[in-house]
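To start, the structure itself, in structure tokens.
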2 protein chains.
Amino acid sequence: MSMTKRGIGMSEVSSGDALLFLTDEQLRQGIEAMFFAYRGFTSAPDAILEGLDYGRAHHRALHFIARVPGMNVKRLLEILGVTKQSLNRVLRTLIEDGLVESRVGTADKRERHLYLTETGAALESRLSDAQRRQMRAAYRQAGPDAVAGFRQVLEAMMEPRMRSTYGSLRDGGA
Amino acid sequence: MSMTKRGIGMSEVSSGDALLFLTDEQLRQGIEAMFFAYRGFTSAPDAILEGLDYGRAHHRALHFIARVPGMNVKRLLEILGVTKQSLNRVLRTLIEDGLVESRVGTADKRERHLYLTETGAALESRLSDAQRRQMRAAYRQAGPDAVAGFRQVLEAMMEPRMRSTYGSLRDGGA
DNA sequence: ACCTTAAGTCAGTGTTGTTGACATTCCAAG
DNA sequence: CTTGGAATGTCAACAACACTGACTTAAGGT
């Protein structure tokens with residue numbers, strides 16, 4: 001079961017072996033791989049969250065607040081792709097529990113800017129470390145070239161809006 | 001099952017550029033890429049399911065029943081990684097609606113073997129086609145080498161149990 | 001002043017997951 | 001042949017996380 005390795009113009013219509021990676025069977029395997037891998041991807045942080053009163057939604061919020069300190073609620077909503085009611089439920093508990101601080105905006109006082117407290121940063125680190133450990137193991141096992149390809153395919157899979165969101169996080173935050 | 005033989009020994013401790021793909025920043029980007037990409041991955045079938053009385057759980061069940069016709073419930077439970085109560089709710093509606101047929105096992109009459117009906121196969125095709133179209137677009141955009149890497153990393157990310165499940169689906173089904 | 005935007009809130013609903021308890025059927029070992 | 005345990009199915013209750021819709025408050029911008 002060897003994967004073809006030819007640099008070939010993608011404009012060519014499927015005929016030979018070269019596009020074997022586009023057969024329905026190959027695509028289906030990719031779909032299943034994505035499904036199974038996503039479970040592995042979330043399992044480490046999920047294990048930590050078990051027992052605490054938080055879930056995956058809290059983890060995601062913490063992650064992006066850590067990533068872009070001072071981010072306002074609107075931006076976080078766009079990134080997470082959920083409704084404000086859904087986010088609010090999560091955010092409220094995080095603020096009540098002293099993991100997140102919500103400061104009134106300086107330029108625009110309607111906005112609330114979100115920051116992790118020390119406690120919040122501590123939990124975020126625990127979660128992040130666990131997830132990074134998993135990711136690191138997978139990266140190490142697959143090697144740098146595979147990782148580059150992995151990233152390329154994932155980026156191509158994103159919806160355009162999310163791709164630009166992803167890009168803006170990548171190079172430089174706010 | 002050929003794992004790539006890479007130029008660089010993975011036992012070397014991070015120092016030069018060679019392991020730049022293992023920096024915390026790189027890992028974090030991979031994590032975010034996975035998060036955003038998964039949304040793109042599910043969006044096409046989700047759009048179809050909208051309006052029908054089914055959800056993602058129904059899609060997953062249909063997918064794997066289509067993949068391994070005659071699969072018993074226990075196997076499906078292992079693959080999906082949910083409780084039997086959770087699966088049963090989904091399966092029951094699919095059977096009631098005539099999308100899935102549940103036949104008593106021949107060798108072991110306790111077992112139920114699951115098959116798609118014509119109607120079930122039709123819906124499964126619609127969903128599968130939509131998801132494959134998305135996947136194909138991403139694959140085409142990234143190219144064959146990237147796809148090979150993508151698959152390698154995903155496989156490394158799976159939990160061991162899921163990796164073997166994935167493998168058994170890949171080469172040969174039941 | 002008026003309209004819009006940002007944020008938060010209340011109420012209701014749906015999907016998907018979880019436990020726990022229990023019944024049924026049936027294979028296989030004693 | 002009896003019995004223990006496995007496979008399946010079902011009922012009930014509950015939790016996490018999403019949704020829609022309607023509304024308020026505060027602070028812009030024009």
Side-chain angles (χ1 to χ4, degrees), chain A residues 35 38-39 42-43 45-63 65 70-97 100-115, chain B residues 35 38-39 42-43 45-65 70-97 100-115 127:
Chain A
F35 170 67
Y38 199 77
R39 289 236 293 273
T42 53
S43 62
D46 282 0
I48 292 174
L49 290 162
E50 190 124 328
L52 284 70
D53 286 347
Y54 304 119
R56 236 177 248 186
H58 299 87
H59 176 201
R60 290 196 287 259
L62 290 175
H63 174 99
I65 295 171
M71 170 185 270
N72 67 29
V73 174
K74 169 139 194 160
R75 184 82 201 286
L76 185 53
L77 281 172
E78 289 164 1
I79 292 173
L80 295 176
V82 298
T83 59
K84 67 178 171 178
Q85 293 92 329
S86 195
L87 175 57
N88 210 258
R89 193 187 334 123
V90 164
L91 221 41
R92 188 171 37 204
T93 68
L94 291 174
I95 292 170
E96 279 169 3
D97 295 353
V100 168
E101 194 187 345
S102 168
R103 298 185 203 151
V104 173
T106 47
D108 186 336
K109 289 176 188 164
R110 287 171 306 178
E111 296 179 346
R112 299 301 142 87
H113 297 258
L114 303 170
Y115 298 88
Chain B
F35 171 66
Y38 199 77
R39 289 236 292 274
T42 52
S43 62
D46 282 359
I48 293 173
L49 291 162
E50 190 124 328
L52 284 72
D53 286 347
Y54 304 120
R56 238 178 247 185
H58 299 87
H59 177 200
R60 290 196 285 260
L62 290 175
H63 174 100
F64 287 108
I65 295 170
M71 170 186 270
N72 68 28
V73 175
K74 169 135 194 161
R75 184 84 200 286
L76 186 52
L77 281 171
E78 289 164 2
I79 291 174
L80 295 176
V82 299
T83 58
K84 67 179 172 176
Q85 293 90 332
S86 195
L87 175 58
N88 208 256
R89 195 182 333 123
V90 165
L91 223 41
R92 186 172 37 203
T93 70
L94 291 174
I95 292 169
E96 279 169 4
D97 296 353
V100 168
E101 194 187 345
S102 169
R103 299 186 203 150
V104 174
T106 47
D108 184 336
K109 289 177 188 165
R110 286 169 304 178
E111 295 179 349
R112 300 301 141 89
H113 297 260
L114 303 170
Y115 298 88
L127 295 167

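Within every chain, numbering begins at 1; the chains are lettered A, B, ... in the order of the sequence lines, protein sequences first and strands thereafter. Worth knowing before you read on, the calculation uses all heavy atoms, side chains too, and leaves out hydrogens, waters and symmetry mates.
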**OP:** Please lay out, stage by stage, how A:R112 and A:N72 fare under the test side chain to side chain contact (heavy atoms under 4.5 Å, CB included).
**Re:** CA-CA 5 Å; A:R112 299 301 142 87; A:N72 67 29; over 6 Å; no
Original post:
Who pairs with A:R60 by side-chain contact (heavy atoms from CB on, under 4.5 Å), at least two apart in sequence or on another chain?
Top reply: A:R56, A:A57, A:L80, B:F35
Subject >> Partners meeting side-chain contact (heavy atoms from CB on, under 4.5 Å) with B:E78 (sequence neighbours left out) >> reply: B:K74, B:R75
**OP:** Spell out protein contact along nucleotides 25-30 of chain C as letters: B when the base is contacted, S when just the sugar-phosphate is, - when no protein heavy atom is under 4.0 Å; keep the 5' to 3' order.
**Re:** BBS---
Original post:
Which letter, B, S or -, goes with each nucleotide of nucleotides 15-23 of chain C from 5' to 3', with contact meaning a protein heavy atom under 4.0 Å?
Top reply: -BBBBBB--
Original post:
Going by an N to O cut-off under 4.0 Å, is there a salt bridge joining A:E111 and A:K109?
Top reply: no
Solution key, residues 82-96 of chain B side-chain donor-acceptor pairs under 3.5 Å, sequence neighbours excluded:
unit_1 : atom_1 : unit_2 : atom_2 : d
B:T83  : OG1    : B:S86  : N      : 3.3
B:T93  : OG1    : B:H58  : NE2    : 3.3
B:T93  : OG1    : B:V90  : O      : 2.9

Subject >> Exercise: identify the closest heavy-atom pair between B:H113 and B:G70 >> reply: ND1-O, 2.7 Å
In whole angstroms, how far is the [atom2] atom of [N] from the [atom1] atom of [X]?
X	N	atom1	atom2	answer
B:N88	C:dT24	CG	P	16 Å
A:K74	C:dA6	NZ	P	4 Å
A:L91	C:dA7	CG	C1'	11 Å

Quick one: side-chain hydrogen bond (donor to acceptor under 3.5 Å, both in side chains) partners of [X], sequence neighbours excluded?
X	answer
B:H63	A:E32
B:R110	B:D108
B:Y38	none

Subject >> Divergence of helical axes at both termini of the helix from C:dA1-D:dT30 to C:dG30-D:dC1 - five pairs an end, 10° steps >> reply: 20°
Original post:
Between which nucleotides of DNA chain D, read 5' to 3', does contact with chain B run, using atoms under 4.0 Å from its heavy atoms?
Top reply: D:dG5 to D:dC11
Subject >> Test item: A:L49 and A:H59 side chains (from C-beta on) under 4.5 Å apart, heavy atoms >> reply: yes
Original post:
How about A:L62 and A:Y54: do any of their side-chain heavy atoms sit closer than 4.5 Å?
Top reply: no
Original post:
So how far is it from B:L114 CG to B:M71 CE, rounded to the nearest 0.5 Å?
Top reply: 8.5 Å
Subject >> Rounded distance [0.5 Å steps], CZ in B:F64 versus CD1 in B:I79 >> reply: 6.0 Å
